[in-house]
Amino acid sequence: MSTASLTLDPHFTVGAINRRLFGSFVEHLGRCVYDGIYEPGHASADAEGFREDVIDLVKELGVSAIRYPGGNFVSGFRWEDSVGPRAARPTRLDLAWHSTETNQIGLHEFSSWLEKVGSELMLAVNLGTRGVAEALDLLEYANLGNGTDLAERRIANGKRDAFGVKMWCLGNEMDGPWQLGHRSADDYGKIASRAAKGMRQLDPSVELVVCGSSSAQMPTFGEWERVVLGHTYDDVDYISCHAYYEEKNGDLDSFLASGVNMDRFIESVVATADHVKAVRGSDKTINISFDEWNVWYIDRFEGVDKITGIDNWPVAPRLLEDSYTVADAVVFGSLLISLLKHADRVTSASLAQLVNVIAPIMTEPNGPAWRQTTFFPFAVTSRLATGVALEVKLEAEHYDTEVYGTVPLVDAVATHDAATGGTSVFLVNRSQMEDATITIDVAALGPVGIVEVQTLSDTDVYAANTLEARDRVGLATNAPALCANGVVTLTLPPVSWTALELRAE
Ligand code: AHR
């Protein structure tokens, strides 16, 4: 048994929690769109061909903004292909994922789906094979009310009011050699600056995300951010971070400590952005859009999932369909804790991705839709983490990991909502062997009571929800917990994620 203690005080805040922290990502990749959110022949499909069972799960997940349409896909995408009469839309090769894109879903259809799920649209422009002119065309088509060729084309295509898209990504992972139109930091910084200036000339209200590194492991990491922000600091609002984690070589101890790596990643990007700010003597602060994060077994994908050759690229193949375990969900929950711990600077984030592709929601064609293990920490955190993130004074025992050195056995963050009087604490126990007994000093909150304790754990840390056993893993609400004399005590089982909900009494 290990022990840990936390002290909560509503006066010690990290920052306000932006709802955009609970965003996600839908890419034209594999079965995310086709045979995922869209399956016209399915029994639950609505009049537009969208699966209502999936819509219900996305609503339950509580997703704020959704990044679209890529990802690597966007770097070869011609947005004009996907608007206008469907019968006239061209079929194209998607070079990123070696698939065939039918363009049956585009901006209009996706925006209609977003209205059904109640999420905001976040659009990416293609700065891989295309440039400033096409980015401006898309912005004009999407955001201008009427009176120009492009705005009138949108109206003729069935959308009288502008889409009014606020968040725009200036390309995707342009530091990655795999990216169509991959560039040096210097070249990308220049084109991103030109695109951003032009976009603001057209619509000053847009919020712009410039590409940071596609991972902290890239050889150019750090220098990329410095150079790109050197060109774009005055033009953009956010720099992106992307990070995926997986258990490698059976080293579960290190995998469970992935949140430590995410903490360091965020703090490095903040330091670099603030360095550029200092050098320029700027008053402006650049925040982070963590617009791709998840557990992803990339090694598995690189080993087996590739479609090769030039002919017969499939439509909506099964790609990146990771099945998530309890251990994956615990790590996933710890990544949410890391995002919340940095809520002052990470003000937008996108879980990559949403349906079928490294996703919390899975579907079968003509079959059911179900929640993966990762669904639960996201849904609960999105619902409970409101108001401000608190600085918790965490004292925990440590363990040694091969990859990240000595790290705390427990990680935690708390949130407090002055409007509702609600306080929530999110915790992970990284130990594979021992329970963790947690003592939380809540005296500064005044009289509080426990509403609920929800825990994700299992004696089999590799248990998963599959087509055959869709409800194998879920949340338990029977963790031992006590609240007395301004102290909450609870016990976390090994390899577990927990959400504690408190209410003022
Ligand atoms: O989310 C899957 C892929 O991961 C995205 O297309 C790309 O941006 C990243 O490398």
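Just so you know, ligand 1 is whichever comes first in the structure, and atom 1 is the first atom listed for that ligand.
- Ranking the protein heavy atoms by distance from atom 9 (C) of ligand 1 puts Glu292 OE1, 3.0 Å first.
- Checked against a 3.5 angstrom limit, the closest N/O atoms of Trp296 and ligand 1 fall outside it.
- The part of Asn172 lying near ligand 1 is the side chain, judged by heavy-atom distances below 4.0 Å.
- In summary, the atoms of ligand 1 found under 4.0 Å from a heavy atom of Phe25, numbered by their order in the structure, are 1 (O).
- Aromatic ring pairs are classed by plane angle as parallel below 30°, tilted from 30° to 60° and perpendicular above 60°; the pair Phe221 and Phe265 is perpendicular.
- Of all heavy-atom pairs spanning Asn172 and Ser75, the tightest one is O-OG, 4.1 Å.
- Electrostatic pairing of Asp235 and Lys197 counts as a salt bridge here, judged by a charged N lying under 4.0 Å from a carboxylate O.
- Residue contacts with ligand 1, taken as heavy atom pairs separated by less than 4.0 Å, involve Trp97 solely via side-chain atoms from C-beta onward.
- Of the protein's non-hydrogen atoms, the one nearest atom 10 (O) of ligand 1 is Glu173 OE1, 2.7 Å.
- At the shortest separation from atom 6 (O) of ligand 1 among protein heavy atoms lies Glu27 OE1, 2.6 Å.
- The nearest protein atom to atom 2 (C) of ligand 1, hydrogens excluded, is given as Gln353 NE2, 3.5 Å; this is a heavy-atom distance.
- Scanning both residues, Thr91 and Thr100, for their nearest heavy atoms gives CG2-CG2, 3.3 Å.
- Using a non-hydrogen distance threshold of 4.0 Å, Phe73 does not register as a contact of ligand 1.
- In this structure, His28 and Tyr34 have perpendicular ring planes: the angle between them is above 60°, well past the 30° mark.
- The pair Arg264-Glu267 fails the salt-bridge criterion, with no side-chain N (NZ, NE, NH1 or NH2) lying under 4.0 Å from an Asp/Glu carboxylate O.
- Applying side-chain hydrogen bond (donor to acceptor under 3.5 Å, both in side chains) to Asp328 and the options Tyr245, Trp296, Tyr297 leaves one that passes, Tyr297.
- Of all protein heavy atoms, the one lying nearest to atom 1 (O) of ligand 1 is Tyr244 OH, 2.8 Å.
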